Amino acid sequence: AMKINEDTVLRGKKVTLVPYTAAHVPRYHEWMQSEELQRLTASEPLSLEQEHEMQRSWRDDADKCTFIVLDSGRWPGQAEENSMVGDVNLFLTNTEDPTLAEIEIMIAEPSCRGRGFGKEATLLMMAYGMRKLGITKFEAKIGQENEASICMFKKLHFKEVAVNSVFQEVTLRLDVSDQERQWLLEQTNHVEEKSYAELKQPAGVLDT
């Protein structure tokens with residue numbers, strides 16, 4: 001099962017990726033009340049209980065890998081809920097081809113958009129998927145009106161391969177050649193991998 005990352009922290013310059021746990025759900029649920037985010041992520045609003053069920057499926061399902069994106073400037077130090085800026089996901093969508101993953105990035109905090117958080121989080125996730133999960137092909141499906149996101153993926157060497165006018169969605173793709181692999185490793189060579197259990201504040205420490 002996809003518990004491979006349950007103790008993994010990937011620390012970059014702007015963002016830190018941590019496993020999605022039950023403690024993150026209330027804040028995540030708050031974000032997803034936003035109509036704009038529902039539209040951008042093509043998702044339905046869920047109840048808090050449903051969101052908790054989703055989080056459990058994210059943790060347990062073998063075909064999904066997710067991290068919560070934290071602001072490196074705030075965490076460790078501040079409470080995780082107050083440092084959350086979004087999430088990044090990999091879906092292993094094709095049972096015939098385990099080297100293909102769909103990648104999704106959401107920077108939910110408006111004040112954190114346009115600051116390179118999404119770009120770094122995506123690079124961290126791609127390098128992780130390549131190194132740990134053997135992914136060699138990435139796809140991103142993005143709403144046609146989400147120009148900022150489409151532009152970001154193109155900067156990360158993705159090419160537009162399809163447009164679905166029914167879903168008003170663009171599919172972008174990156175095949176990881178040796179050259180792309182080298183580039184990805186260079187882009188993420190500053191990243192430190194740490195243990196989540198060790199970095200997490202023990203409960204109660206922040207309340208005193």
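Bear in mind the structure is a predicted one, so any value in this text is a computation, not a measurement. FYI, the numbering just counts along the sequence from 1.
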| task | Report yes if some heavy atom in the side chain of His29 is under 4.5 Å from a heavy atom in the side chain of His52; otherwise report no. | result | no
Polar side chain donor-acceptor pair, Ser83 to Asp71, under 3.5 angstrom: no
Item to complete: Please examine the side chains of Val69 and Leu17, heavy atoms only from C-beta on, and report whether any two atoms are closer than 4.5 Å.
Response: yes
Contacts satisfying ring-ring contact (aromatic ring centres under 6.0 Å, His included) that involve residues 170-191 (not counting sequence neighbours) are His157-Trp183
- Lys14 and Ser72: side chain donor to acceptor below 3.5 Å: no
Checklist entry - Cluster question for you: counting only ILVMFWY and a side-chain heavy-atom cut-off of under 4.5 Å, with indirect links fine, are Ile4 and Leu124 together? => result yes
Review point. Do Lys159 and Leu172 have side chains that get closer than 4.5 Å, going by heavy atoms?
Key: no
Exercise. Do Glu139 and Arg173 meet the salt-bridge criterion of a basic N to acidic O distance under 4.0 Å?
Worked result: yes
Problem set entry | Side-chain touch Thr122/Met152, heavy atoms, less than 4.5 angstrom | yes
Sorted by chain and residue number, the ring pair (Phe, Tyr, Trp, His ring centres under 6.0 Å) partners of His24 (sequence neighbours excluded) come out as none
For residues 109-151, the ring-ring contact (aromatic ring centres under 6.0 Å, His included) pairs (sequence neighbours left out) are Phe67-Tyr128
Please test Thr171 against Lys141 for side-chain hydrogen bond (donor to acceptor under 3.5 Å, both in side chains), starting from the C-alpha separation and ending with a verdict. CA-CA 4 Å; Thr171 300; Lys141 293 185 164 75; 4.6 Å; no
| task | Any chance you could lay out the salt bridge (Lys or Arg N to Asp or Glu O under 4.0 Å) test for Glu120 and Arg115, step after step, and finish with the verdict? | result | CA-CA 10 Å; Glu120 192 185 41; Arg115 289 169 54 189; over 6 Å; no
Should Leu156 and Leu123 count as side-chain neighbours, where that means a heavy-atom distance under 4.5 Å?
yes
